[in-house]
Amino acid sequence: MTAQQDIAKSIAALTFPGQAFINGKYVNAVSGKTFDCESPIDGRILTQVAACDAADADIAVKAARAAFVKGHWRNMNPFKRKAILLKFAELMGKHAEELALLETLDTGKPISDARGVDVPSAIQSIQFYAETCDKQYDELAPRKPDSLAMITREPIGVVAAVIPWNYPLIITAWKIGPALATGNSVVLKPAEQSPLTALRLAELAAQAGVPDGVFNVLPGYGEQVGQALGRHMDVDMVAFTGSTNVGKLFLRYAGETNMKHVALETGGKSPNIIFADTPDLDACAANSAAGIFYNAGQTCNAPSRIIVEESIKDQFVELVAKHASSWQAGDPLNPKTAMGAVIDKGQMDRVLGYIETGKNEGATVAAGGKREMTETGGYYIAPTVLSAVRNDMRVAQEEIFGPVVVSISFKGDEEAVRIANDTIYGLHATIWTSDLKRAHTVARAIDAGTVTVNNAFGSDITTPFGGYKQSGIGRDKGVHALEKYQQVKTTYIQL
Ligand code: NAP
Ligand code: MG
């Protein structure tokens, strides 16, 4: 059998989870309503999914609170909590191919990425946080010998996690890993476009021994179940990843209700600064193309603004356009495909609209610029390079979130930094140079949560991830992510 016949057979054998997962069981929405779960690969409807709303949010939050109050998760022996989370990761590994297929069908990302990146990264995230359960120590404050001041960390309580569609498995694991490891209860709302893997994970977690009510998943629309969680008086914290506009809504929901903690990972428009002294310009162009075209550009920290030194700008744009050709859109189920579909028709139209806006603003299309593979019924866009862009154009300021990169030129380090920082975002920046002093100086001058030098990639689960400015509040990943799921308590004891 060919690889594709193999995949077709595995898909035929899949069962699609469609019900909400509350208190250890799959259940329908109270309203009985469902929505279509569409695959962007070809527009097929994969299954019907429960459209949860405020009534379901109430039931799930009650279950999560009851589990928290009962305390059999938060007060569990840390070795045991670790063992359960490691078992959860192991079960994810046993179901890796099923999870990869669900993720690819749901999002249109290439199966080679789902198998090689999304599933293994999600597993690694759960393992990483499992290992923290029995390795976190509390503190004593400096005192005279007549007293003790203990500083202890406690779980926050009921955490609502609200997730986007670009990396459903990975971002789910970034939230539930630290939230569960620190003893919280979680109610998770996946994006309406990509609910399948989170629903499957809930069942695997239960199978591993996560107690009923500790991990619940509510699929549905943002304005309904998302807002209900954001405004819920008994949710202690929201951990959100998504757009900056919706992130601001969560701040408002919290302000208008119970002042719940709000952690935000939001948008980006990350600068990719190329100095003329870059050691290998062709390798830099290949890496820059990979950075923006990976996952069809639907990556919050994608290097979406090339900021290139004037003297090499034409040469560099040509090289990026050349490398764009190895990212042609293809069938996501073909293991050789490097770039798949974009998430849905709405997103495709939005991205194509930005390409038109760019042209109207005076940009030149150096590669791509159009929809592709229309005959499939799916949503595909050619890898697109817009050159002759100025940083004040909309295509340079707004997050396009598709396979579109813009190229802006600069003269001198100061102008490079000024353009890089001239954005509402501050998630990530990349610098290319062979000058160590310049690399450090520019890295310090840039407002971004992550700066990479001579590589657009490089972070992993050990490195904190999050944004300056309107790219967010707080950090995911690394041991630093644990802090946001914990309260700090001081207990003073007079001896
Ligand atoms: P989004 O539209 O902001 O949606 C994110 C989540 O919020 C979804 O679950 C969505 O539900 C929900 N939501 C939407 N409107 C809501 C409302 N009025 N009240 C409550 N919840 C609401 O973002 P997206 O389009 O899914 O994802 C793309 C965005 O995520 C980009 O801006 C990207 O930069 C950002 N992102 C950031 C990071 C990071 O770590 N910084 C990582 C990945 C992605 P529905 O599914 O029903 O819309
Ligand atoms: Mg989908």
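Every number for a ligand or one of its atoms is a count from 1 in the order of the listing. Computed from a predicted structure; not experimentally measured.
Between Phe215 and Phe21, the gap from one ring centroid to the other reaches at least 6.0 Å.
Closer than 4.0 angstrom to ligand 1 sit non-hydrogen atoms from Val162, Ile163, Pro164, Trp165, Asn166, Ile171, Lys189, Pro190, Ala191, Glu192, Gln193, Gly220, Tyr221, Gly222, Glu223, Gly226, Gln227, Phe240, Thr241, Gly242, Ser243, Val246, Leu249, Phe250, Tyr253, Glu265, Thr266, Gly267, Cys300, Glu399, Phe401, Leu427, Phe465.
Annotation: side-chain contact (heavy atoms from CB on, under 4.5 Å) contacts of Phe465 (sequence neighbours excluded): Trp174, Glu265, Cys300, Asn301, Leu427, Thr450, Lys477. The side-chain contact (heavy atoms from CB on, under 4.5 Å) check on Ala67 picks up His72, Ser185, Val214, with sequence neighbours excluded. For Tyr354, there are no ring pair (Phe, Tyr, Trp, His ring centres under 6.0 Å) partners at least two apart in sequence or on another chain.
Side-chain contact check for Asn258 and His232: no donor-acceptor pair (N or O, by modelled atom type) lies under 3.5 Å. Side chains of Trp432 and Asn272: a donor on one and an acceptor on the other come within 3.5 Å.
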